[in-house]
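What follows is a short report on a single structure.
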Number of protein chains: 2
Amino acid sequence: MKSIDQIVQKLRDSGAKVTPQRIAILKSLQGNTSHPGAHEIYHLLKDDFPSLSKATVYNTLDMLSQIGEVRELTIDRAQARFDPDMSFHDHILCTKCRKVEDVHRKDGDDSTITAVNGYEVLGASMQFYGICAACREPTEEKVN
Amino acid sequence: MKSIDQIVQKLRDSGAKVTPQRIAILKSLQGNTSHPGAHEIYHLLKDDFPSLSKATVYNTLDMLSQIGEVRELTIDRAQARFDPDMSFHDHILCTKCRKVEDVHRKDGDDSTITAVNGYEVLGASMQFYGICAACREPTEEKVN
DNA sequence: TTTCTTGCAAAGATTTTGCAATTGC
DNA sequence: GCAATTGCAAAATCTTTGCAAGAAA
């Protein structure tokens with residue numbers, strides 16, 4: 001994700017309005033590596049922003065994903081999750097605690113794949129499913 | 001997907017019951033390359049099977065995916081889709097007509113990845129998003 | 001007969017939508 | 001002031017669940 005200022009500028013340039021809600025959502029995403037869903041972002045901000053509506057969160061996340069400032073992940077069937085890190089990387093979901101983490105692969109940079117099956121490829125990503133180290137620990141039962 | 005007979009045997013062996021509904025759902029999946037969702041399977045069978053309940057379709061698909069006879073895809077955020085082809089391959093979703101097709105890659109067999117980020121990897125797959133050839137055709141407007 | 005499964009309806013959850021009131025510019 | 005955005009509530013999915021009736025073994 002670019003800096004807040006850069007994105008704010010991009011919004012202005014495109015004619016979109018810069019609202020306190022949008023800034024707050026952008027800030028909540030910046031550097032956030034938890035791959036939050038709309039519900040989580042809503043609760044992160046609800047305290048400091050009591051009037052915030054969930055619809056606004058959905059709208060803003062959708063808009064940010066449309067303009068390519070965040071990536072919407074489908075790895076979790078339960079909810080759409082969002083990743084402010086637009087650099088090339090993949091994800092893994094722990095099927096036990098359901099946290100999502102980044103996976104950085106050196107080999108086979110799939111971002112170079114531009115055509116497949118006659119499709120014009122717009123995006124490609126790998127998904128991994130597994131059990132994280134913490135969830136394999138029989139002693140600890142913390143769910144992250 | 002194995003043959004219906006083989007799966008029926010597996011169900012019997014595991015103590016599960018072989019019902020006409022389950023057979024019908026298995027048959028609807030066999031050789032089906034459209035990556036149908038629960039709703040689609042329900043409607044495929046509804047005519048020949050008026051009493052069929054959607055809950056049964058959901059239950060059966062979930063069970064088949066649990067025992068590893070079909071794969072549940074997350075590529076389409078709108079609905080869970082199911083693939084009876086358990087061989088190693090990936091998928092691409094046309095973001096216009098929303099059909100899902102198989103992608104067969106020769107290189108980098110990711111099925112050999114068993115550990116990543118300290119996770120015990122249970123599954124891995126690649127997702128592609130793009131516009132299919134038909135949707136790029138300006139003359140045709142058929143939505144598959 | 002015993003246990004599992006079905007079907008139905010209700011409930012849950014996520015996400016979308018309509019619209020009046022509000023706010024950015 | 002105009003147009004875009006917000007917030008709220010209702011609606012629209014998709015999916016799960018509770019439970020009585022029914023079917024498989």
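Letters A, B, ... mirror the listed sequences (proteins, then strands); counts begin at 1.
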Axis-to-axis angle for the helix from C:dT1-D:dA25 to C:dC25-D:dG1, ends of five pairs each, to 10°, equals 40°
* Apply the test side chain to side chain contact (heavy atoms under 4.5 Å, CB included) to residues B:Leu29 and B:Leu64: give CA-CA distance (whole Å), side-chain angles for both, the deciding distance (0.1 Å), then the verdict. => CA-CA 11 Å; B:Leu29 282 166; B:Leu64 290 174; 4.1 Å; yes
- OP1 or OP2 of C:dG7 under 4.0 Å from side-chain N/O of B:Gln21: yes
In whole angstroms, the gap separating P of C:dT6 from NZ of B:Lys46 amounts to 14 Å
Residues passing the ring pair (Phe, Tyr, Trp, His ring centres under 6.0 Å) test with A:His91, sequence neighbours excluded, are A:His35, A:His89
Apart from B:Met86 itself, members of its ILVMFWY cluster (side-chain separation under 4.5 Å) are none
Counted 5' to 3', the first and last nucleotides of DNA chain D within 4.0 Å (strictly under) of a heavy-atom of chain B are D:dC14 to D:dA25
For residues 74-87 of chain B, the salt bridge (charged side-chain N to carboxylate O under 4.0 Å, His left out) pairs (sequence neighbours left out) are A:Glu72-B:Arg77, B:Asp76-B:Arg81, B:Asp76-B:Arg98
5'-most contact on DNA chain C (nearest-nucleotide basis), B:Arg22 vs B:Pro50, goes to B:Arg22
What side-chain donor-acceptor pairs closer than 3.5 Å can you find for residues 14-26 of chain B, not counting sequence neighbours?
residue	atom	partner	partner atom	Å
B:Ser14	OG	B:Lys10	O	3.3
B:Ser14	OG	B:Leu11	O	2.9
B:Thr19	OG1	B:Arg22	N	3.2
B:Arg22	NH1	B:Lys17	O	2.9

Sequence neighbours excluded, the answer for side-chain hydrogen bond (donor to acceptor under 3.5 Å, both in side chains) partners of A:Gln30 is none
Expected list for residues 1-20 of chain A near DNA chain C, using heavy atoms below 4.0 Å, is A:Arg12, A:Lys17, A:Val18, A:Pro20
The complete set of ring-ring contact (aromatic ring centres under 6.0 Å, His included) pairs with one or both residues in residues 41-67 of chain B, sequence neighbours excluded, reads B:His39-B:His43
Can you establish whether the number of heavy atoms outside A:Lys27 located under 6.0 Å from its atom NZ is more than 12? no
Members sharing B:Leu122's hydrophobic cluster, built from side-chain contacts under 4.5 Å between Ile, Leu, Val, Met, Phe, Trp and Tyr, are A:Ile131
### Heavy-atom side-chain proximity of B:Glu101 to B:Cys132 below 4.5 angstrom
no
Between A:Ser28 and A:Ile41 the two heavy atoms that sit nearest each other are OG-CG2, 3.7 Å
Restricting both atoms to N or O, compile the protein contacts to nucleotides 12-16 of chain C shorter than 3.5 Å, with distance only.
residue	atom	partner	partner atom	Å
C:dT15	OP1	A:Ala80	N	2.8
C:dT15	OP2	A:Tyr58	OH	2.8

All heavy atoms of B:Tyr119 vs all of A:Gly130, minimum pair found to be CD2-C, 4.0 Å
Residues passing the side-chain hydrogen bond (donor to acceptor under 3.5 Å, both in side chains) test with A:Arg71, sequence neighbours excluded, are none
